[in-house]
Amino acid sequence: MYRKTFNLLLLVTFFTITKAFAAITITRVEPANWWTGMKKTEFQILVYGPGIGNSKVTLNYAGVTLREAAKVENPNYIFLYVNVSKNAKAGNVPITFTNGAEKFVYSYPLKSRTDNSGALGFNAADVLYLITPDRFANGNPENDNWDSVSVNRSSPNARHGGDYEGVKQKLDYMKDLGITTVWLNPIQENKMRGGSYHGYAITDFYKSDQRFGSNEEFKDLTKITHDKGMKMVMDMVLNHCGSSHWWMRDLPSKDWINNNGVFLQTNHATVSVMDVHASETERNTFLNGWFTRGMPDLNQKNPHLATYLIQNSIWWIEYARIDGIRQDTYSYMDFDFLARWNKEVYEEYPNFNIVGETWYNKATSPAWWQGNSPLSKVNSHLKTPMDFSLTFAMQKAFDGATDNGYLGDIFEDIAQDFIYADPYNVLTFLDNHDLGRFSRKEDTDLKRYKQGLAFLLTMRGIPQLYYGTEVLMVGTKEDGDGRLRVDFPGGWPGDKKDEFTKAGRSEIQNEAWEYLQKLLKWRKNNIAITNGKLIHYAPKNGIYVFGRIKDDKTVLVILNSSLKDQEVSMDRFTDVTGKFKSGNDVITAKQFLLNSPISIPAKGEYILELNNTQ
């Protein structure tokens, strides 16, 4: 008995000593670096390792001080809040962790903020080209297969192999088309079972998905995009992460994930956040519920997580010099967090722009989210909401199923712009990666296509095009999301067709491509469209007319949505035409005199630059 007791004491003593003198191990530090010269002098460092939260932390570096070493529920984490003075120099900052007799010094890189390129923002003078990277072009087949997930182009929901190199190889194609801004669906790591090709289940917020390329390759892609005179927008997801995210195995605290980490399906009641009649239970289920079981819902009310997410956005802007962010599932997040996020990003980068995915059927709701909204009592600071209401109107407005068309729905939607703080700074689009494509299999001509693009590219707002629109890609929501995000023919070695080239496109595809190119290149240099005031007239007999005016430049747009040719008397539009005598159509170069009726074909459109020649 004595011997057993003695042996037990020896064992306990051994483990106690081993634990006391165990080497301090750090397995993860995020972000991996920071910069001197930032406007906000304080930043957060997440440190993760076995029992690291039990350590005493000290820092000794000129101009850099440790304000707080915040411990959390899980002792494997500690959050350091570090202040970098204006006089601090770049270098490696020694951070010392002490636990009993054990000491470990981590050398933290503090870099000099020298790159002033990028972070330019975007506005109505730009046209965004939305790309699902996995489906656009495969420039480097060597990075296709990773993490036991292989490329399978025959499956619409598998990885197909598109990457940064593919995008880089097609930048000249986009520039030639007339695109000013490239927007990539999420590029951060999605190390999920099955591959998560769409990118919305992030498993590492600080790492690029290796199937696209490295962080450095993304940074290089952004620089090359800038060198070609274009901009880069990064799709971000702060509402949720992927269920295979590294921290899901060992959460910092129970409230890191909403509903204490237990799956609760959101009710998608997006209007509940602004609905004065909404019940608290419905609102809470919407905000705290998960998007899917594979996408745990992040709790932005947790102060350490909120700072982590905001800082992650700023890190990517500073590191890669991107020009804008499109924020996914915007309305699903905590309002106060989003207001703080916008404010801190804009304070650091005043010219930057953020688009929030405000998916609603009626325009009042996106307007409520816009900064300085007359509909909200608090300021969200968001510059650009997404105008889904106009999108839904556009998707049916150009059908021309009756003699009177459906342009009245568009007119009424635009006529509600008084609800926006800035209606010229909303994102407009015919379709995107979540919606049925604007082009349809049953379209036998380009009338609907041309009217839709003519309207989109001359109306107020910041227009966005979805990759493949220019070559008449089709796909419905009923086909499944994977069918909306098909491979661009010619983006893969060995493709039977190469629709990136004129020779690889059909006659009707080339007509569509050339029409869009002409519009885009003209739009880029027309200040009335990119920065002009909008005046419009209620549709009559299926005819919708509006003008864009800036200084001495005026553009008059005439859309005929009816099934018959019509004569349009110009007497009604003198608020726009004023002293001008004629207008030249930007597509055909045909001149029209303004003192006589203009004949416009069924489902036709004119975009007239007004002048005083006859």
Side-chain angles (χ1 to χ4, degrees), residues 28-35 38 40 42-48 68 70 72 74 77-82 186-190 199-209 215 233-248 251-259 261 266 273 287-291 295-320 322 324-349 352-357 369 380-382:
R28 188 176 288 265
V29 174
E30 294 182 342
N33 74 277
W34 203 247
W35 294 270
M38 302 292 282
K40 184 176 181 180
E42 183 177 285
F43 73 102
Q44 175 203 84
I45 305 175
L46 177 156
V47 183
Y48 178 68
E68 181 184 8
V72 292
N74 186 340
Y77 289 84
I78 193 165
F79 291 85
L80 309 181
Y81 290 86
V82 179
I187 55 89
Q188 290 143 296
E189 181 190 89
N190 272 231
Y200 288 97
I202 294 170
T203 56
D204 191 323
F205 283 93
Y206 278 100
K207 187 183 291 183
S208 167
D209 195 293
N215 284 13
V233 171
M234 188 173 170
D235 209 325
M236 289 192 176
V237 190
L238 304 185
N239 176 65
H240 51 263
C241 64
S243 57
S244 296
H245 191 285
W246 67 266
W247 62 37
M248 292 303 297
L251 290 172
S253 57
K254 290 179 181 177
D255 69 345
W256 198 257
I257 302 296
N258 276 325
N259 204 42
T266 181
V273 294
L287 290 172
N288 299 332
W290 299 18
F291 208 72
M295 296 178 178
D297 204 63
L298 298 175
N299 177 20
Q300 296 89 22
K301 290 185 178 181
N302 179 298
H304 300 305
L305 177 57
T307 299
Y308 176 95
L309 294 172
I310 292 168
Q311 193 170 275
N312 179 257
S313 297
I314 292 173
W315 187 89
W316 278 107
I317 299 169
E318 189 64 26
Y319 171 77
I322 58 174
I325 291 171
R326 179 267 188 183
Q327 183 57 244
D328 181 64
T329 50
Y330 193 86
S331 59
Y332 287 72
M333 288 180 276
D334 179 69
F335 183 97
D336 293 338
F337 162 77
L338 288 170
R340 177 189 161 196
W341 175 64
N342 279 285
K343 190 171 184 290
E344 290 193 21
V345 170
Y346 292 142
E347 284 174 350
E348 199 69 53
Y349 308 97
F352 203 74
N353 198 3
I354 293 171
V355 171
E357 185 192 26
W369 279 105
S380 72
H381 300 287
L382 176 68

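Distance check: T307 OG1 to L46 CG gives 11.5 Å after rounding to the nearest 0.5 Å. In this structure, the separation between CD on E189 and SG on C241 is 12.0 Å, given to the nearest 0.5 Å. We find the NZ-CG distance between K301 and N288 to be 7.0 Å, quoted to the nearest 0.5 Å. To the nearest 0.5 Å, atoms CG (N215) and CG (D209) are separated by 10.5 Å.
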Q.
Under the criterion side-chain contact (heavy atoms from CB on, under 4.5 Å), I'd like the reasoning laid out for Y346 against I354: C-alpha separation, chi angles, the key distance, then a yes or no.
A. CA-CA 9 Å; Y346 292 142; I354 293 171; 3.4 Å; yes
**Q.** Chi angles and distances behind the side-chain contact (heavy atoms from CB on, under 4.5 Å) call for I322, F352
**A.** CA-CA 9 Å; I322 58 174; F352 203 74; 4.3 Å; yes
Q) Which is it for H381 and V345 under the side-chain contact (heavy atoms from CB on, under 4.5 Å) test, yes or no, and what are the steps along the way? A) CA-CA 10 Å; H381 300 287; V345 170; over 6 Å; no
Q. What do the steps show when you test F337 against L238 for side-chain contact (heavy atoms from CB on, under 4.5 Å), and what is the final call?
A. CA-CA 10 Å; F337 162 77; L238 304 185; 4.0 Å; yes
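For E30 and Y308, the side-chain atoms include at least one donor-acceptor pair closer than 3.5 Å.
In this structure a side-chain-to-backbone donor-acceptor pair under 3.5 Å is present from Q311 to Q44. The main-chain N or O of L298 is found under 3.5 Å from a side-chain atom of Q300 such that the two form a donor-acceptor pair. When atom types are taken as modelled, the side chain of N239 and the backbone of T329 share no donor-acceptor pair closer than 3.5 angstrom. N74 places no side-chain N or O within 3.5 Å of a backbone atom of S253 that could act as its donor or acceptor partner.
The minimum heavy-atom distance between A70 and Y81, with the atom names listed, is CB-CE1, 4.1 Å. Taking all atoms of both residues into account, the shortest heavy-atom contact from P296 to S243 is CD-N, 3.5 Å. When all heavy atoms of V237 and F205 are compared, the closest pair comes out as O-CE2, 3.2 Å. Closest of all the heavy-atom pairs between N342 and S380 is ND2-O, 3.5 Å. L287 and S331 get closest at one heavy-atom pair: CD2-O, 4.1 Å. Pairing each heavy atom of R28 with each of D204, the nearest pair is NH1-OD2, 3.1 Å.
Taking 4.5 Å as the limit, some side-chain heavy atom of E348 sits within range of a side-chain heavy atom of K40. When side chains are defined from C-beta on, V82 counts as touching I45, because their heavy atoms get closer than 4.5 Å. You'll find the side chain of M333 reaches within 4.5 Å of the side chain of Q327, heavy atoms only. I314 is listed as a side-chain neighbour of Y349, based on a closest heavy-atom distance under 4.5 Å.
Ring orientation note: the planes of Y319 and W316 are nearly perpendicular, at an angle over 60° on the 30°/60° scale. Between Y206 and W315, the ring planes are perpendicular. Angles over 60° get that label, and only those under 30° would be called parallel. Using cut-offs of 30° and 60° for the angle between ring planes, the W341 and Y330 rings count as tilted. By the 30° and 60° cut-offs, the orientation of the rings of W256 relative to W247 is perpendicular.
With respect to Y200, the side-chain hydrogen bond (donor to acceptor under 3.5 Å, both in side chains) criterion is satisfied by exactly one of D235, N190, D328: D235.
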